[in-house]
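Here is the naming used below: chain letters follow the sequence lines, and residue numbers restart at 1 for every chain.
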Protein chains: 2
Amino acid sequence: MTIQYAILGFLSREPLTGYDLKKLFSESVTLYWSGNNNQIYRALVDLHQASLVTRVTEHQESGPSRKVYTITTNGLAALRDWALTPPELPQLRNPFHVQLAWTAQLDDAELDAQLAAYEEEVRVKYLMVREQESRNTATPQRTARETLIWRNIAANWIAFYENELQWVRALRADLAAL
Amino acid sequence: MTIQYAILGFLSREPLTGYDLKKLFSESVTLYWSGNNNQIYRALVDLHQASLVTRVTEHQESGPSRKVYTITTNGLAALRDWALTPPELPQLRNPFHVQLAWTAQLDDAELDAQLAAYEEEVRVKYLMVREQESRNTATPQRTARETLIWRNIAANWIAFYENELQWVRALRADLAAL
DNA sequence: GTTGCCATGTAAGGTGTTACATGATTTA
DNA sequence: TAAATCATGTAACACCTTACATGGCAAC
């Protein structure tokens with residue numbers, strides 16, 4: 001359900017094609033959709049049927065024709081209504097916790113190897129998020145308020161991975177001390 | 001796929017029924033399954049077919065008959081193999097970020113009301129997690145190492161919500177200062 | 001007497017991912 | 001000549017949630 005509003009959000013800045021949206025989603029770390037076609041193209045059909053967007057097909061000489069979607073006033077109203085909807089809690093799922101919880105059969109070295117692998121994964125992701133934020137891709141910059149919000153969303157992700165790194169390092173140290 | 005291993009993990013401590021597992025999942029904050037019947041009972045059928053668990057039906061005088069599942073040596077081996085599997089990154093999805101990102105149409109008061117509502121939701125959840133951890137439910141306590149791990153998993157969740165609280169409070173202050 | 005607990009399961013539907021399918025143009 | 005990019009879409013499947021269905025017993 002939410003991906004439709006994420007799409008409406010992007011369209012509230014400028015008209016885009018499905019392909020554009022696909023790239024925006026797959027490049028973004030903060031938006032959690034993988035940018036797969038199935039969801040995006042279906043969502044666009046739904047949004048169009050609900051009159052929240054209009055569609056114009058542009059035939060190009062070189063390359064395939066593109067369908068450009070533009071948000072309608074209905075769409076803007078829907079986006080505003082949704083923005084006033086009660087906030088949901090973040091959903092965190094950490095399969096590694098489940099894995100960790102049941103490592104009774106592993107010896108100390110095997111356990112630490114798993115923790116080291118996790119630490120490395122988190123470190124790489126952390127650097128990726130930081131790097132992407134420093135390049136500052138796709139930030140709206142419409143108002144100072146919006147810029148502040150977008151910077152803080154990115155900061156939230158950075159803090160999350162920092163927290164995760166600290167945690168796994170502390171756990172490894174505690175286990176070594178045991 | 002992972003819920004099967006989470007079930008195997010619980011069964012590695014003691015034999016349990018589907019109903020027991022359902023309660024364990026729905027009471028646990030760190031395991032992210034809602035504890036719905038559909039997944040659990042289907043997973044148990046699958047595990048049984050794969051010979052990772054055995055099933056014994058106990059007919060009770062008072063109340064319905066219960067099917068008690070016990071892990072097999074195959075099951076223990078499967079759990080061990082899985083514990084050595086490469087760790088996955090945590091998946092965090094925060095619908096509120098998406099909502100926040102597109103609040104350009106809201107005025108300052110409306111925006112802060114949303115942030116306040118989010119802060120309150122996080123605060124309540126945070127207190128719940130802390131409270132549950134202090135009651136220390138369902139901790140295995142088989143070895144010092146396992147106890148340390150379980151305490152740290154809980155600590156990770158507490159830190160996560162603490163981080164989220166700090167973040168939203170800082171953001172509200174920043175926006176107020178703007 | 002209605003709610004809650006014990007205990008099993010099924011149905012339906014929403015959400016999300018990977019892979020498949022097509023085909024032209026540009027870049028290495 | 002192989003690959004990446006532009007641009008659309010479909011198929012299959014995994015995952016997860018809510019609600020439905022049944023029925024006895026205990027507690028308030």
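For D:dC16, neither phosphate oxygen OP1 nor OP2 lies less than 4.0 angstrom from any side-chain nitrogen or oxygen of B:Ser34. Put simply, B:Lys23 has a side-chain N or O that comes within less than 4.0 Å of OP1 or OP2 on C:dC6. Between A:Lys67 and D:dG9 there is a side-chain polar atom (N or O) within less than 4.0 angstrom of OP1 or OP2. Between B:Arg93 and C:dT15, a side-chain N or O to OP1/OP2 separation shorter than 4.0 Å is absent. For C:dA7, neither phosphate oxygen OP1 nor OP2 lies less than 4.0 angstrom from any side-chain nitrogen or oxygen of B:Thr17.
Closest to the side chain of A:Tyr19, from the set D:dC6, C:dT8, D:dG9, is D:dC6.
C:dG16 atom C1' lies 13 Å from atom CZ of A:Phe25, rounded to whole Å. Between the NZ atom of B:Lys22 and the P atom of D:dT17 there is a distance of 13 Å, given to the nearest Å. Between B:Gln91 atom CD and C:dT15 atom C1' the separation is 13 Å, expressed in whole Å. A straight line from CD of A:Glu88 to P of C:dG14 spans 16 Å, rounded to a whole angstrom. Distance CH2 (B:Trp33) to C1' (D:dT18): 19 Å, rounded to an integer number of Å. With rounding to whole Å, A:Leu31 atom CG is found 12 Å from C:dT17 atom P. Rounding to whole angstrom units, NE2 of residue B:His48 and P of C:dG9 are separated by 11 Å. Atoms CG (A:Leu16) and C1' (D:dA7) sit 14 Å apart, rounded to a whole Å.
For B:Asn37 and C:dG9, a side-chain-to-base donor-acceptor distance below 3.5 Å is present, hydrogens and geometry of angles not being considered.
Residues B:Arg123 and B:Glu120 are paired through a salt bridge, judged by an N-O separation under 4.0 Å between the basic side chain and the carboxylate. For A:Glu146 and A:Arg13, the salt-bridge test fails: no basic side-chain N is under 4.0 Å from an acidic carboxylate O.
Cluster membership check: A:Leu106 does not share its hydrophobic cluster with A:Trp102, using side-chain heavy-atom separations under 4.5 Å among Ile, Leu, Val, Met, Phe, Trp and Tyr.
Using the six-membered ring where Trp is involved, A:Phe96 and A:Tyr118 have ring planes that are parallel, under 30° apart on the 30 and 60° scheme.
Each of A:Ile3 and B:Asp20 was matched to the nucleotide of DNA chain C holding its nearest heavy atom; the match closer to the 5' end belongs to B:Asp20. Mapping A:Arg66 and A:Asn36 onto DNA chain D by nearest heavy atom places A:Arg66 closer to the 5' end of the strand.
Screening residues 46-89 of chain B for ring-ring contact (aromatic ring centres under 6.0 Å, His included), with sequence neighbours left out, gives B:Tyr5-B:Trp82.
Around the CZ atom of B:Arg130, the shell of radius 6.0 Å holds no more than 12 heavy atoms that belong to other residues, nucleotides or ligands.
Within a heavy-atom distance below 4.0 Å of DNA chain C, the residues of residues 38-47 of chain B found are B:Asn38, B:Tyr41.
A 4.5 Å side-chain heavy-atom check between A:Asp46 and A:Gln4 finds at least one atom pair inside the cut-off.
Here the OG1-CG distance, from A:Thr54 to A:Leu11, works out to 9.0 Å after rounding to the nearest 0.5 Å.
No engagement by A:Thr2 is indicated, since no non-hydrogen atom pair under 4.0 Å with the nucleic acid exists.
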